[in-house]
Amino acid sequence: MTNLSLTVPVCLGERRRLSACELQHAQQQQQQQLQINPVEPRRRSIAVPSVASSETESPSHSTSSPLPFNSPSFRHFSCLTTKSLCTGVPAVMSNLLANINAFYAHSATGNSVSANDRFAASNFGKEKFVKLLDQLHNSLRISLSVYRNSFPASQPEKLLDLKSTVDLLTSITFFRLKVQDVGSVPRAGSVLKECALNCLKTTYQFLFENCNELHQREFPAAAAAAATEGASESAKSGPSPDSLDFWHRLIELVVSVIEEDRNSYAPVLNQFPQEVHIGQLSASAMWDHFSQDLMYALQEHEEKRPCKTSEYMNLLFKVKWLYNKYVADAPPHKGSVPGYPLWFQPFVLQWLSENDEVSMEYLHSAYARDRKDSFQKSSDHALFSTSVVDVFTQLNQCLDVVKKLECPDPAVEAAFMSRFSGTVVKVLFAYANIIAKDYGNFTSQSGKACVLMNNVQQVRVQLEKLYEAMGGQAMEAETKDKLQELQDRLNTVLDDLAARFVATKSSEIVAAVREVGCLLHKHVRGGAGSSGGGSGSTDPQAEADMILRPLMELLDSSLGMLAVECEKAILRRLLKEMWRVTVAALEKEVVLPPISDPRQDTLSKDLEKTMSPRQCAAIQVALETVRQYFHAGGNGLKLAYLEKSAELQSLRYALSLYSQTTDSLVKTFVATQAGQDRPAVDEPVGEVSIQADLFRHPGSGEVKVTVKVVAANKLQWDTSSMFRPFVEVNLIGPHLSNKKRKFTTKSKNNSTSPKYNESFSFILGTIEDPEAFELQISCKDYCFARDDHLIGVTVLQIKDIIEQGSCACWCPGPKAAAR
């Protein structure tokens, strides 16, 4: 840094340098009058003159006649006072006054006369000399208040004069304390500090008012570069409302002054290290004046913001550098929180807001480039593509800028991180949405689909690292909640992608499971432990391996590829989805096959209705084999997860139904079904008026249900032939094998609102739980020599009429399936 030598224009009177002859003559007169040997400035060795010896020996020296006032010593000191700013004079005067102090303040053994009395009895003349010292003290304060003008750093001899001036100021203070015996005298260090602060204030004001001119003179290379870029403001005397260049120049000038104080003036002014450290004092004072002007300027800029946010950021970095290097360790700023981060906070937040748009543009271009390159992996060992790397490179660069601010204000730093977290949420969730929307184009291409899922997983991994880099648990709760919510949303997106990928494979899995069902009914027959005409093997494990062959071959080929192409976290998600699809298919296609089961083309109806105990045992063993396969010895899904999965619990429940009686199944069905009449309310095709009564014989306890079909109303049916509607009532429940369960009314010709008024009685027997029964009411169109057409059906559960004993209502009938 270039040291800045300034000459602040002030009026200090005439300055003339004494010749060497004049200085030598002055020293000779000093020795002749006071018998004082020449001393070096720092050692101040003195020899007491002969007149002092006579006064020491005679305690009654005060009674003798004082010497004349116009003595040569006083005239010599008075003459030097008028030339105190000349080179070499402060050292002579300092030596002379130091010897005077030593002479009068010296107390010999047995001498009880005070220094003040001894000085009053001397030939100096007390009042005149004290007045002369007061004038000299004021003159020295004026000189020190403009020490840059009075003692330029570019002249070494002047720096020596500055040191001698401080010595002289110290000697005057010592004279007042020890010789004059004045009670309250300003300390020399305090006076020097006050003078230095006045000089620094004047210096800063001069720098501020002449910043551009001084900068061009002291930094010609920088001024030439600015002129080349067309950013010259030399014609302006102060800061411009449309530019920040003035403040950059002012900082460079301020640093030059601080460096000059550190390197040139500190060695000669740091004589009172406990009170005055000129380097720290200069930095502190300059910062106080500079920060106040900068604060007002930034407040004006905040309203209009004429400059780019990058320019404000550059200025912030320079101000931070100035504070950290020069001011942070200087009292009274050491350990305190500076105010400059708060002044720049609006501009940093604006820069972060603008960075949102930049990051989004970078995101779209990175994904488009990645898609064009067919999602090539970023490296040989990585399973994700380059777009993830590009997105986080941009975000990390932004975070690096925020962290390099090294904001000392915790509240302002928290505001920066909160705003940056908004950028992270916006960019990463947009990236996940882009992948989710584009994912459907690549589900048929397993390799690219896996890379896209790996990309989302890598976003989650990098987000964790970014979270820690931003401060982790030390961040504010609001910021942490934002990032945690983003992590949850990314997790949801990843689950959706995995489900969509497995959905494309579900048809293959269902086909393989159907083959498992065919092999089961073809090769495993009869009861437990009997061959029953199937395969000769009676080993359940061997039978399970045989029937699982098509499913295992499919899983081996699919999962083998996924294990190579997917991250471990992605592979576990895919395993979970494939486990759900596989177990659900086993339940729906093998254990509880639908009515339109394709097995009916090759198998007899009596076989497809149920499974034998041996087949159930084979399915149990096969299910355990599949479970161990997905566990993969600990490398796949956890056994606890597999055991608690809803699909496995449902399949095991379905298998348990084969060991229950029909009555038990019917009872369970009636008890668990709810909302069966909802289709009748949503899409009614007419109404049926029903009256049901429940009666229990008091003696035998036999339960009887009487149903009266009154009429039907507004039946909706489209037919080209004669419409002959009738009502069929079925009783559903356990233990009805030997009882009549169905009654029908007579048909009515060509009437959409027929009247029936027919009653039927259902004998339930001596039961204790009539709520296990329900009435199924169907409205049909009678067809001669053909199956009757179902118009609609509704359900009335007995438990709904138990409390009242009877029920009369209109039951809406839902629309039947298309013919």
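A quick note: this is a predicted structure, and the numbers were derived from the prediction, not measured.
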Exercise. Could you state the interatomic distance from CZ (Phe290) to CG (Leu207), rounded to the nearest 0.5 Å?
Worked result: 11.5 Å

Exercise. Rounded to the nearest 0.5 Å, what separation is found between the CG atom of Leu562 and the CD1 atom of Ile570?
Worked result: 10.5 Å

Exercise. Are more than 12 heavy atoms from other residues, nucleotides or ligands located less than 6.0 Å from atom NZ of Lys318?
Worked result: yes

Exercise. Any idea which heavy atoms bring Ala283 and Ile258 closest together, and the distance?
Worked result: CA-CD1, 3.7 Å

Exercise. Are the side chains of Gln457 and Val461 in touch, meaning some heavy atoms are under 4.5 Å apart?
Worked result: yes

Donor-acceptor pairs are to be reported for all side-chain atoms of residues 625-633 against protein atoms at under 3.5 Å, with residues two or more places apart or in another chain.
residue	atom	partner	partner atom	Å
Thr625	OG1	Gln541	NE2	3.4
Thr625	OG1	Val621	O	3.0
Arg627	NE	Glu624	OE1	3.1
Arg627	NH1	Glu643	OE1	3.1
Arg627	NH2	Glu624	OE1	3.2
Arg627	NH2	Glu624	OE2	3.0
Gln628	NE2	Glu624	OE2	3.1
Tyr629	OH	Leu555	O	3.4
Tyr629	OH	Asp556	N	3.3
Tyr629	OH	Asp556	OD1	2.5
His631	ND1	Leu637	O	2.8
His631	NE2	Gly634	N	3.2

For this session: Would you check, one step at a time, whether the test salt bridge (charged side-chain N to carboxylate O under 4.0 Å, His left out) holds for Glu485 with Lys482?
Result: CA-CA 5 Å; Glu485 182 181 359; Lys482 285 182 182 179; over 6 Å; no

For this session: Verify, without hydrogens or angle tests, whether Ser284 (side chain) and Gln280 (backbone) share a donor-acceptor contact under 3.5 angstrom.
Result: no

Problem set entry | Beyond-backbone contact of Phe272 with Lys193, side-chain heavy atoms, under 4.5 angstrom | no

Exercise. Within 45° of the ring axis of Phe429 and under 6.0 Å from its six-membered ring centre, is that where the NZ or CZ of Arg489 lies?
Worked result: yes

Exercise. Within a strict 4.5 Å, meaning less than it, do heavy atoms of the Val257 and Tyr204 side chains meet?
Worked result: no

Exercise. So, does Ser645 use its side chain to make a donor-acceptor pair with the main chain of Leu642 at under 3.5 Å?
Worked result: yes

Exercise. Is there a donor-acceptor pair under 3.5 Å between the side chain of Asn454 and the backbone N or O of Cys450?
Worked result: yes

Problem set entry | Exam field: side chain Arg305 to backbone Glu302, donor-acceptor pair closer than 3.5 Å | yes

Exercise. Can you check whether Thr309 reaches Phe347 side chain to side chain, under 4.5 Å on heavy atoms?
Worked result: no

Exercise. Do Phe317 and Leu405 have side-chain heavy atoms sitting under 4.5 Å apart?
Worked result: yes

Exercise. Do Ser650 side-chain atoms and Glu647 backbone N/O form a donor-acceptor pair below 3.5 Å?
Worked result: no

Exercise. Do the charged groups of Lys404 and Asp400 touch, with an N to O distance under 4.0 Å?
Worked result: no

Exercise. Between the main-chain N or O of Ile278 and the side-chain N or O of Asn270, is there a donor-acceptor pair closer than 3.5 Å?
Worked result: yes

Please tabulate, for the side chains in residues 335-346, all donor-acceptor contacts under 3.5 angstrom to protein atoms that are two or more places apart in sequence or on a different chain.
residue	atom	partner	partner atom	Å
Ser336	OG	His333	O	2.7
Trp343	NE1	Gly339	O	3.2

For this session: With rounding to the nearest 0.5 Å, note down the distance linking CD in Gln487 to OG1 in Thr492.
Result: 10.5 Å

Exercise. Does a salt bridge link Asp288 with Lys201, judged by any charged N lying under 4.0 Å from a carboxylate O?
Worked result: no

Problem set entry | Distance-only polar pair, side chains of Ser446 and Glu565, donor-acceptor under 3.5 Å | no

Exercise. Yes or no on side chain to side chain contact (heavy atoms under 4.5 Å, CB included) for Val401 and Trp351, after CA distance, side-chain angles and deciding distance?
Worked result: CA-CA 11 Å; Val401 172; Trp351 178 81; 3.6 Å; yes

For this session: Please name the pair of heavy atoms, one in Leu349 and one in Ala415, separated by the smallest distance, quoted to 0.1 Å.
Result: CD2-O, 4.0 Å

Exercise. Around Glu275, counting heavy atoms of other residues, nucleotides and ligands shown, do more than 12 lie under 6.0 Å from its CD?
Worked result: yes

Problem set entry | Tyr323 and Ser291: side chain donor to acceptor below 3.5 Å | no

Exercise. Does Glu577 pair with Arg580 as a salt bridge, N-O distance under 4.0 Å?
Worked result: yes

Exercise. With a 3.5 Å cut-off and no angle check, do the side chains of Gln484 and Asp488 form a donor-acceptor pair?
Worked result: yes

Problem set entry | Pairwise side-chain contact, Lys320 with Glu406, heavy-atom cut-off 4.5 Å (strictly under) | yes

Problem set entry | Closest heavy-atom pair and its distance - Tyr467, Leu483 | CD1-CD1, 3.5 Å

Problem set entry | Shortest non-hydrogen contact between Glu311 and Cys307, atoms and distance | OE1-CB, 3.2 Å

Exercise. Which value, rounded to the nearest 0.5 Å, describes the distance between Leu322 atom CG and Glu252 atom CD?
Worked result: 11.0 Å

For this session: Would you confirm whether Asp438, through its side chain, and Ile434, through its main-chain N or O, come within 3.5 Å as a donor-acceptor pair?
Result: no

Exercise. Side chains of Arg500 and Thr504: closer than 4.5 Å at any heavy-atom pair?
Worked result: no

For this session: Classify the angle between the aromatic ring planes of His301 and Tyr312 as parallel (below 30°), tilted (30 to 60°) or perpendicular (above 60°).
Result: perpendicular

Exercise. Is the ring centre of Phe375 less than 6.0 Å from the ring centre of Tyr367?
Worked result: yes

Problem set entry | Shortest non-hydrogen contact between Ala430 and Met360, atoms and distance | CB-CE, 3.6 Å

Seminar exercise, completed: Shortest non-hydrogen pair, Val255 vs Trp321, comes out as CG2-CZ3, 3.7 Å

Exercise. Heavy atoms, side chains only, cut-off 4.5 Å: are Met286 and Thr203 in contact?
Worked result: yes

